[in-house]
Amino acid sequence: MEGNEVNITQKHFMLIGMKEAYNDTLIKKMQEGLPSIEHPYSKKYDEGNSDTVFHLRKSATTGDYFLHKFDMTAQRGENGETRSQTFYLNHKKEEEGQKVKDNFTYKMAYNFLQGRPVHHAKSDSWERIKPKEKLQNGNYNSERFDKAYGYDVGKVIDEYSVVYKSSLKESLERGNFQKEKFLNKDGKQEELYATPAIRSGSLILYDLDKKLIPLDQQIEKGYISQELGEKLKQRQLEQQQKEQKKEPQDNKQTNSQTLNQKEKQQQSAKKGQKQKDGEAKPPRKQRKQTTG
């Protein structure tokens, strides 16, 4: 790379938000002309570190290096738990009618492994990890929420007393656990953490100690609109009623299983007692035979 010229390899790193990883160590490896390069890089976040290996291939025709995937291991919290995933990158332009292939930026990949939903601009869809399900290639399975699902984070944010709405929207789309200013019912600003709640069509709010703020408290404080707050309360009530209806069925089945088990135990005990009684009986005396 001459002067301030930006080459295609550097552009690839810029597209995933990791211009900093295009460093002297990588440039030296590229100058050696190797057909493929593995470039390790680590980055620290508040929630834990990320350790990554970037994979580059050299074009046989142009000699340029293409960043085609990266392997990330992300630490989750202070307990040292980690999740690992390979993220593939597509640099080709999709032709009309072709299926859209979404790319993860570096920060999106990190947030995805933390368990938060991320938004893909190309397909206009949200994606969230399924941490208990793995694919054959070793990656985690995920669930998608496309535009038809109806989660519009911008409209959702409008239902909350957020001070800087547009910046929060962009941050949540990247999957960030974002600290933002909210107005309480007295008009005073309070800092809270927010993340999308796609299935309920809302936001999940946490205090500065990262403790969940219950819905009733959100309504009382004025963080959420009265209309959306009441809708969510109604959904919670319906869910509780469903669970209560389900419980008697589960209890009935459990009680039935318990009774059957007790009956079997009692029958087994009776058989055992009979066997015991039989063993305790003295043998019958044989009648003396008279000799003639």
Side-chain angles (χ1 to χ4, degrees), residues 1 5-23 25-27 29-30 33-43 45 50-74 83-131 133-149 151 153 169-176 196 198:
M1 189 174 72
E5 180 187 353
V6 177
N7 64 26
I8 194 166
T9 313
Q10 189 174 4
K11 283 180 181 178
H12 288 174
F13 278 92
M14 291 169 69
L15 284 170
I16 65 166
M18 282 302 289
K19 182 180 178 181
E20 64 202 75
Y22 184 83
N23 54 25
T25 303
L26 176 58
I27 292 170
K29 288 179 181 179
M30 290 168 59
L34 299 172
S36 62
I37 295 173
E38 292 184 359
H39 178 50
Y41 194 85
S42 296
K43 190 175 177 71
Y45 293 102
S50 64
D51 297 308
T52 307
V53 177
F54 295 103
H55 296 263
L56 299 92
R57 286 179 185 162
K58 186 178 181 181
S59 169
T61 54
T62 65
D64 293 319
Y65 280 95
F66 290 84
L67 174 62
H68 68 99
K69 68 177 182 178
F70 59 93
D71 304 321
M72 178 184 286
T73 296
R83 288 177 184 162
S84 299
Q85 177 111 335
T86 299
F87 296 91
Y88 296 91
L89 301 171
N90 175 48
H91 301 294
K92 294 180 181 178
K93 290 183 179 179
E94 288 92 2
E95 295 180 5
E96 191 174 346
Q98 278 187 328
K99 185 180 179 181
V100 174
K101 294 181 180 178
D102 293 304
N103 287 335
F104 278 81
T105 66
Y106 191 89
K107 188 63 188 296
M108 282 172 67
Y110 178 82
N111 288 332
F112 175 81
L113 291 177
Q114 296 297 318
R116 292 187 291 273
V118 296
H119 182 261
H120 298 289
K122 272 188 180 180
S123 60
D124 194 9
S125 64
W126 291 84
E127 186 173 6
R128 183 170 59 193
I129 194 173
K130 287 186 172 181
E133 296 181 23
K134 280 209 169 186
L135 304 173
Q136 289 184 345
N137 63 5
N139 276 355
Y140 288 98
N141 198 1
S142 65
E143 55 183 338
R144 286 266 189 162
F145 304 89
D146 60 18
K147 189 176 181 180
Y149 191 84
Y151 187 79
V153 70
K169 177 180 180 293
E170 293 169 5
S171 185
L172 294 182
E173 287 177 340
R174 290 194 294 272
N176 291 337
I198 295 175

Item to check | Candidates Phe87, Tyr110, Phe104 - the one meeting ring pair (Phe, Tyr, Trp, His ring centres under 6.0 Å) with Phe70 | outcome: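 Exactly one candidate clears the test, Phe87.
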
Nearest heavy-atom pair of [X] and [Y]: which atoms, and what distance?
X	Y	value
Arg83	Pro131	NH2-CB, 3.4 Å
Ser123	Arg144	OG-NH1, 3.5 Å
Ser125	Asp102	OG-OD2, 4.3 Å
Asn23	Glu20	CB-O, 4.0 Å
Glu173	Val153	OE2-CG1, 3.9 Å
Thr52	Tyr106	OG1-OH, 2.7 Å

Checklist outcome for this item: The side-chain hydrogen bond (donor to acceptor under 3.5 Å, both in side chains) partners of Asn176 (sequence neighbours excluded) come to Lys107, Asn111, Ser171

Checklist entry - Does a donor on one side chain sit under 3.5 Å from an acceptor on the other, for Asn90 and His68? => result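 Note: Asn90 and His68 side chains miss the donor-acceptor criterion.
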
Item to check | Thr61-Ser59 side chain donor-acceptor pair, cut-off 3.5 Å | outcome: yes

Checklist entry - Is it true that Asp64 and Lys11 have a side-chain N and a carboxylate O under 4.0 angstrom from each other? => result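 No salt bridge links Asp64 with Lys11.
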
Item to check | Chi angles and distances behind the side-chain contact (heavy atoms from CB on, under 4.5 Å) call for Gln85, Phe112 | outcome: CA-CA 10 Å; Gln85 177 111 335; Phe112 175 81; 3.8 Å; yes

Is the backbone N or O of [Y] less than 3.5 Å from a side-chain atom of [X], with the two atoms forming a donor-acceptor pair by type?
X	Y	result
Arg57	Phe66	no
His39	Ala21	yes
Tyr65	Leu34	yes
Glu127	His120	no
Lys58	Ile37	no

Item to check | Sequence-distant partners of Asp51, side chain to side chain contact (heavy atoms under 4.5 Å, CB included), two or more places apart | outcome: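 Partners of Asp51 by the side chain to side chain contact (heavy atoms under 4.5 Å, CB included) criterion, ordered by chain and then number, come out as Ser42.
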
Does the side chain of [X] reach to within under 4.5 Å of the side chain of [Y], using non-hydrogen atoms?
X	Y	value
Leu56	Leu26	yes
Tyr88	Asn139	yes
Thr62	Ile8	no
Val53	His55	yes
His12	Leu89	no

Verify the neighbour count for atom [atom1] of [X]: are there more than 12 heavy atoms of other residues, nucleotides or ligands below 6.0 Å?
X	atom1	result
Arg128	CZ	yes
Lys19	NZ	no
Lys147	NZ	no

Checklist entry - Centres of the Phe145 and Tyr151 rings: under 6.0 Å? => result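 Phe145 vs Tyr151: aromatic centres not under 6.0 Å.
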
Item to check | Phe54 ring center within less than 6.0 Å of Phe13 ring center | outcome: yes

Next on the checklist: Within this structure, what is the CG-NZ distance for the pair Asp124 and Lys122, rounded to the nearest 0.5 Å?
Outcome noted: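 Asp124 CG to Lys122 NZ: 14.0 Å, rounded to 0.5 Å.
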
